[in-house]
Structure formats: structure tokens, C-alpha cells
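Below, chains carry the letters A, B, ... as their sequence lines are ordered, and counting in each starts from 1.
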Protein chains: 2
Amino acid sequence: MIETGAEPESRAERKLRTRRAILDATLELSTDSSLTALSLRQVAKQVGIVPTAFYRHFDSIESLGLALVEESFDSLRDLLRDVRRNAQADKDVVDGSIDALVDHVHRRRDHFGFIARERVAGPPSVREAIRREIELCERELATDLALMTGTDTWTGTDLRVLSSLFVTVLVATAEQILSTTRPEQEQQIVAAVRTQLRMLLVGVYQWQSER
Amino acid sequence: MIETGAEPESRAERKLRTRRAILDATLELSTDSSLTALSLRQVAKQVGIVPTAFYRHFDSIESLGLALVEESFDSLRDLLRDVRRNAQADKDVVDGSIDALVDHVHRRRDHFGFIARERVAGPPSVREAIRREIELCERELATDLALMTGTDTWTGTDLRVLSSLFVTVLVATAEQILSTTRPEQEQQIVAAVRTQLRMLLVGVYQWQSER
DNA sequence: CCTTTCAGTGAACATCTGTACACCCACAAC
DNA sequence: GTTGTGGGTGTACAGATGTTCACTGAAAGG
């Protein structure tokens, strides 16, 4: 099985290719429903291997899920990196961040959809892994926010709290973008989140941490 | 089957009781995983009826899900009603709303958990139903916000956008509360969302809609 | 060249799945 | 008091599920 495109492959290369195929098939099959509703046999059929071959790569759907968490958060960290880069450049913080968000969500619909779904509906271990990763992102973002103008007198707690709110809005926006295919509706979503972030920023510039 | 507690029941009462039992069993069984991963037979076993009896009440897990959406949003609307009442009373808007949120989420863990999960991971029709209900809530909240001091000059769009942000934060907070059992962590979550809403409100009071 | 390794095969299993069908019998209606 | 309705039962079936086991054959390694 697995279309080998005439070129010879080493054993390691081929194994990696099958692994990739399993990961991709899982992302595709779980787009509606969830990992918990996905069977090993469905995945195998989609990949084009026999069910038992699955075990050569993962020992359960759950551990497959954990691998997908890592992969998906690579995408999310790519996004954060772009947000940071846009913020350091001359661009407007809000517009730059939203541009990056929209761009990355489009490029990796599968990964962002995976995180959004399994975050609340995945197997317990997967949910936990995602929660941990999100917390790392919040921490990371908090250190960036400390460098913003206006937050120099803030407490660490307030920085974390604001960071958490940003991530919440980010995740919610990604979910909304994913749930539509109509471009005009997407523009509406983008316009809304633009306003939301601006309202929030007005508050942030006025904010004084209680000490 | 179904423990009849000595008291005689009319046919209609009994049917209603079984229906309730099915709804409750489904809420309980889907707490980890999701509707899409739930089988008719699991539900039947939990209720204590034979699988085929399920069809006397619902013709699929999906239509069962739609019934649960209605029921769950009754709980959510109860919450919104309390938020409104607290806001009209002398209480602080932020604290009053958070109190109501925590209270209702505790009282109907099952319903709020159901919405949070199936919103992103449920069968397509269920997802759509939830999305529609949430939009109704946003609309409802927007009309309330119009009565707040400071929003009298706002455009309708801005009111809707702010309302949408509040609902996003509300949903995210409910999810966080649901994902912990440790009271000290819950207090931390509550404190965080308190600060988040205060930051946001500072921005709201300064906001001028562009016309 | 001969041996080892190992990704993928194929058959077999016990269990679970949704759904069809014929049946039962307490309650409701006349 | 007879009849009928309708929630519930039990059996049955074809198909899907996770996992086991012994296997193949080609690449890797000596």
C-alpha cells in the first residue's frame, strides 16, 4: 500500500511517510466529531493500511492524539512568533495580530480546528496536554506584554490575567473563523474582533495595578 | 425496569420519567468524550431499558442532542436573567455577574459542560443549534447593554460586538470553572475574570463609536 | 551472501454497534 | 367489560470495533 512515487525510499523514510499519512488522515477524519469518536480502523482504512499496521506507529488513538497536540502547537507558536514580529515592526498591534491570526488559521485549518475541538472534547490526557500548552503560551505572551508601553508598572499577576484574556479572544476568534466558509462573514468576524481589541486596549492604557 | 417507587403512575407520567432518565443518562455519559462518541446502547443500559425502547422517545442520538440543547439553554437563560437582576439591583455589575455565573455553573455543571463540548465537537446539527442559541443570547445581551450608562451614543454594531465579547469571556470562564474541582483554583479563575472585566469596562467607559 | 530486522499482511476472536421484527400486558377509552 | 394503544421486552442479524497471532518479503547489517 501507500503510493510510492517510483523513487526508491529507505526504510526510515517510508516509515516516516506512513506516520505522516496517519497523522493527516486523523486530522481529516476528526474534523467533524472528535478523536473520541474516531476508530483505529477508520484511520487505517483512510491511510490505506491494514488495522494492525497502525500499532507499528502508535499504540492507541490517544497517543496519536498527543502527537497531534505537539504538532498543532507548533503551528500555534508559529502564529505567536508572527504576532510578535508584527508588533515589533511599525505595524499597528491590533491589525498586525489579527492579520497573522487569520493567515495562520487559514494555512493550518486542521491544526487550529484540532486544538479547538479536542481542548474540550478530546480524551482526558489530550485535554490536559492542550491545557498545559495553552498555559505555556499565556506565560510566553505575558513576558511580551511586559515590554509594551504602559504596562511597566503592572504586577505580574495582572500581566498574566491580561495575557489569558488575549488568548481567550484569540481562541474564540479562531473558532469563529473556522466555522464559516463565507468570506463576507469572515470579514465581519475580523471587524468585530478588531473593535473588541481596541476597546480592550483603551482600558489597558488606563489601567493601574493595585499594589 | 425503572424503579417505580410504589406510587402508581399514569402512562404519561411514566413516559416523561423515562424521557428524563434518558436525558440525564446522556448528560452523565457524555461528560468525558462527546455525543458523537456515545452509543444508543450505552444510554439504554445506563437508563435500564432495552435498546429498542430508546426509539419510543427519540429517533436518534442526534435528536436527543437537540432536546438537550434546548434544555441546556434554559439554564443559560436563567443565568442571564440573574445577571440582569443583579445589575439592576445595587450590586456591582462585575461582581454580581460573576457571582451569578459561578452559582449557575455549579448548579448545572451538566448543562454548561454539554454546551461547551457539543458547541465544537457535537454532531453538525447540534453545533448549529447551539450557535444559533448563542447568537440569540448575544442579541438579548446587546439590548441590555444599550441601557448601561455610557453606551447611549453607541452604534448598534458596537453594542453587538461588545456583547459578543462578553459572551466569549462568559463561555471561556464557564469552561475553566468546569475543568477544575479545586476550590482555590476556582477562586483564582474568578479573581482573574474579575480583573479582565474591570479592564474591559475601563475601555468601554471611554469608548466613542465612530459614525 | 547470509542473517536479522521490521513495516505491513491476513485471518480469527469476542464484543459492541444500530435497527428490524414479533411479542407482551397495563393502562386508557369506549 | 371489551378493545386498543403504546411503553417496554427479547431475539436476531449484519456490520464495525480493538487486539491477538503467525506470516511475508524487502531493506539493513554483518
Side-chain angles (χ1 to χ4, degrees), chain A residues 1-26 28-30 32-67 122-126, chain B residues 1-26 28-30 32-67 122-126:
Chain A
M1 280 297 170
I2 301 177
E3 301 300 326
T4 118
E7 312 86 29
E9 279 180 311
S10 81
R11 202 125 92 162
E13 286 172 335
R14 192 181 167 98
K15 176 161 191 183
L16 216 68
R17 243 166 56 95
T18 306
R19 188 190 148 93
R20 250 283 36 100
I22 292 178
L23 293 169
D24 290 341
T26 305
E28 188 180 336
L29 289 175
S30 66
D32 25 35
S33 76
S34 147
L35 266 193
T36 48
L38 194 60
S39 79
L40 183 155
R41 285 179 114 104
Q42 284 175 54
V43 175
K45 182 183 281 183
Q46 172 90 359
V47 173
I49 57 176
V50 96
T52 46
F54 178 92
Y55 293 108
R56 300 288 181 202
H57 303 272
F58 302 97
D59 47 44
S60 66
I61 292 279
E62 194 172 315
S63 69
L64 203 189
L66 293 176
S125 66
V126 171
Chain B
M1 281 293 169
I2 301 177
E3 301 301 325
T4 115
E7 312 85 29
E9 279 180 313
S10 80
R11 204 124 94 165
E13 285 173 337
R14 192 182 167 100
K15 177 160 190 183
L16 216 69
R17 241 166 58 96
T18 306
R19 189 190 148 93
R20 248 285 38 98
I22 292 178
L23 292 169
D24 290 342
T26 306
E28 186 179 338
L29 288 176
S30 66
D32 25 33
S33 78
S34 146
L35 265 192
T36 48
L38 193 60
S39 79
L40 182 155
R41 284 179 113 103
Q42 286 175 54
V43 175
K45 182 184 281 182
Q46 172 89 1
V47 173
I49 55 175
V50 96
T52 44
F54 177 93
Y55 292 110
R56 302 285 182 203
H57 302 272
F58 303 98
D59 47 46
S60 66
I61 291 281
E62 195 172 313
S63 68
L64 204 188
L66 293 176
S125 65
V126 171

Margin query: Of the options D:dA27, C:dT9, D:dG8, whose atoms approach the side-chain atoms of A:R11 most closely?
Written below: D:dA27
Check: Taking protein heavy atoms under 4.0 Å as touching, what does nucleotides 10-23 of chain D look like 5' to 3' if B marks base contact, S marks sugar-phosphate-only contact and - marks none?
Finding: B-B----BBBBB--
Margin query: From CZ of B:F58 over to C1' of C:dG18, roughly how many Å is that when rounded to an integer?
Written below: 17 Å
Notebook entry, point to check: Can you tell if the side chain of A:L35 reaches within under 4.5 Å of the side chain of A:T26, non-hydrogen atoms only?
Noted result: yes
Note to self: Does B:L40 form a side-chain contact (heavy atoms from CB on, under 4.5 Å) with B:Y55? I'd like the steps, not just the answer.
What the structure shows: CA-CA 9 Å; B:L40 182 155; B:Y55 292 110; 3.5 Å; yes
Check: Considering residues at least two apart in sequence or located in another chain, which fulfil the side chain to side chain contact (heavy atoms under 4.5 Å, CB included) criterion with B:Q46?
Finding: B:A25, B:E28, B:L29
Notebook entry, point to check: Are the side chains of A:I22 and A:I49 in touch, meaning some heavy atoms are under 4.5 Å apart?
Noted result: yes
Next item on the list: Just do the side-chain contact (heavy atoms from CB on, under 4.5 Å) check on A:F54 and A:V47 with the steps written out, would you?
Entry: CA-CA 10 Å; A:F54 178 92; A:V47 173; over 6 Å; no
Note to self: Output the rounded distance in Å from NZ (B:K15) to P (D:dG7).
What the structure shows: 4 Å
Check: When the distance from CG of A:L16 to P of C:dG8 is rounded to whole Å, what number comes out?
Finding: 11 Å
Item checked: Rounded distance in Å - CZ (A:F54) to C1' (C:dG10) -> 19 Å
Check: Side chains of B:S33 and B:L38: does their closest heavy-atom pair fall under 4.5 Å?
Finding: no
Notebook entry, point to check: In whole angstroms, how far is the P atom of C:dC27 from the CD atom of B:E13?
Noted result: 12 Å
